[in-house]
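This report concerns only the one structure given below.
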Amino acid sequence: MRWAVIVFPGSNADTEMYHAIKDVLDGDVSYVWHEETSLEGFDAVLLPGGFSYGDYLRSGAIAQFSPIMSEVVRFAEEGAPVLGVCNGFQILLEIGLLPGAMRRNQQLTFLCKHVELIVENNQTGFTSGYEAGEKITVPVAHGDGNYYCDDKTLGKLKENGQIVFTYAKNINGSIENIAGITNERGNVLGMMPHPERAVHTLLGSADGAKLFESMEREWRERDVIRT
Amino acid sequence: MITVQVYVSLKQGVLDPQGSAVKQSLNTLGFSEVEDVRIGKHLTLTIDAEEGEVDIEERVKQMCEKLLANPVIEDYEFTIEEVVTS
């Protein structure tokens, strides 16, 4: 399985993402600079956290037009797995692969701490390794993580089981405590907390590792069907 | 040359945490008449074109919808001004 970590000017969690795949899964992972135009040969795409383009205008607003992004859209539309963490989630919202938008945190402060999440849906290619309703500890580091969508969109998210992670305690004002959602098809996940920063007990938590292991298992099972 | 003033604001009904904090502060300073504050963005675009040459209004609308505003949470409006160059 080949993993791509997309790097934008201003990405800062790309190294952790790379490490999570390389050293935890012993996976085949490469950095892909945002000016590239092909994802040929890759099986999963990871959009890391950071401050792409300095968060100018809005978080993720400018990165959505990087050359690689039209290829990421094509990749996602083919059903391949795409994970966006933090700024990666914001980019997925801006480009419209996921519904809704981010507002400034309700209390206006940048949040950088470990938080408790609830796995709301473990029937996805990202969360099959977790128990339904399992509580996990993963760090957040964001200023614009206050998720918003209109009532109609919220209804659809609930109906389709697209709300994958919620905060056990609302930390930033997000509606319905939303911390992570998928698209309707379930192959694109965006989340504000950083699973790649919780892959070893030395980091304070290893609860994020199961997410990458779930992705790998999902790919293996699909690969068996393909061949 | 044409100057376009673009104003981007959060939609009514979308909570504006920055606006709320500023409102609180104004009230604390004694400006108790302030009932609501909404914070937006003001962009000034300088465009190399003459009025009537291209459909500026349509072009600016596209700019707002593609990049300058996020239609999920923001509204936009703009005014077009012709700049007389000497």
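Quick caveat: nothing in here was measured; it's all calculated off a predicted structure. Naming: A, B, ... by sequence-line order, numbering from 1 per chain.
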- Query: Can you name the residues of residues 4-20 of chain B that have some heavy atom under 4.5 Å away from a heavy atom in chain A?
  - Reply: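 B:Val14, B:Leu15, B:Pro17, B:Gln18, listed by number.
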
- Message: Only heavy atoms, only distances under 4.5 angstrom. Which residues in residues 63-79 of chain B are near chain A?
- Response: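 Heavy-atom contacts from residues 63-79 of chain B to chain A are B:Lys66, B:Leu67, B:Leu68, B:Ala69, B:Asn70, B:Val72, B:Ile73, B:Glu74.
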
With only heavy atoms counted, which part of [X] is less than 4.5 Å from chain B, the side chain, the backbone, both or neither?
X	result
A:Leu108	side chain
A:Arg103	side chain
A:Gln107	neither
A:Asp150	neither

Can you tell me if [atom1] on [X] sees more than 12 non-hydrogen neighbours from other groups inside 6.0 Å?
X	atom1	result
B:Glu58	CD	yes
B:Glu35	CD	no
A:Arg74	CZ	yes
A:Phe65	CZ	yes

